[in-house]
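Worksheet: the structure to be examined is printed underneath.
Chain letters run A, B, ... following the sequence lines, proteins first, then strands; residues in each count from 1.
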Amino acid sequence: SQQGEEDPQALSIQEGENATMNCSYKTSINNLQWYRQNSGRGLVHLILIRSNEREKHSGRLRVTLDTSKKSSSLLITASRAADTASYFCATVPVLKLVFGKGMKLTVNP
Amino acid sequence: NAGVTQTPKFQVLKTGQSMTLQCAQDMNHNSMYWYRQDPGMGLRLIYYSASEGTTDKGEVPNGYNVSRLNKREFSLRLESAAPSQTSVYFCASSGEWTPDEQFFGPGTRLTVL
């Protein structure tokens, strides 16, 4: 069963706008990760945030983690058409990853 | 480095046929994984191998077998394919120093008629 659930399931924005997607999970985790998947391709790791961290930045990406609410958010600032992809959160309760269903982001030029 | 490679990229099978999906990584990673991705379902773990010589069932192992041939290679076998196994299959690996970060192959799109 899926551990992470992304919200919204789909989002369409204009280039230059910020995109925020949320992830909720059910059980305690060691860390939470965000992955991107371009159409027809494999997943690419974006960023990892550990359970003892609250916020992390990587370029235009900002991830927050609230373990009390069992939720995380991914913010993509100044979006570009190249950011169009599906985004997945994944949690690590043990060795293996458990993926959410994914969120499809469309950035319109 | 090629990273994680998978063969074939596409495959069409008839119900009852068997086939093996191949996966190899050149990053000297200990752990390897097989996932399937279905529309609206995200990725689900089929089997994983924490290290050479060990394999464990994931979330959806039924109908599949795996072999960790050596440290580099981890194969997934469908003994008698069923239409329900139509999916995109991804292999992934992770290393000793970053065990939680997985590197994915490009995927194999399998259709079972």
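Contact of A:Q37 with chain B is made through the side chain alone, with heavy-atom distances under 4.5 Å. Proximity to chain A is limited to the side chain of B:Q37, based on heavy atoms less than 4.5 angstrom apart. Using a 4.5 Å cut-off between heavy atoms, A:L48 touches chain B through its side chain atoms alone.
Interatomic distance, A:R41 CZ to B:F90 CZ, rounded to the nearest 0.5 Å: 10.0 Å. Between atom CG of residue B:L43 and atom NZ of residue A:K101 there is a gap of 13.5 Å, rounded to the nearest 0.5 Å.
At most 12 non-hydrogen atoms from other residues, nucleotides or ligands lie less than 6.0 angstrom from CD of A:Q9. More than 12 heavy-atom neighbours from other residues, nucleotides or ligands sit within 6.0 angstrom of NZ on B:K71. B:R77 CZ: more than 12 foreign heavy atoms inside a 6.0 Å radius. Annotation: A:R80, atom CZ; neighbour count of heavy atoms from other residues, nucleotides and ligands within 6.0 Å does not exceed 12.
In this structure, B:M32 is a member of the same hydrophobic cluster as B:V60, with clusters built from ILVMFWY side-chain heavy atoms closer than 4.5 Å.
A side-chain donor-acceptor contact under 3.5 Å links A:Y35 to the backbone of B:Q102.
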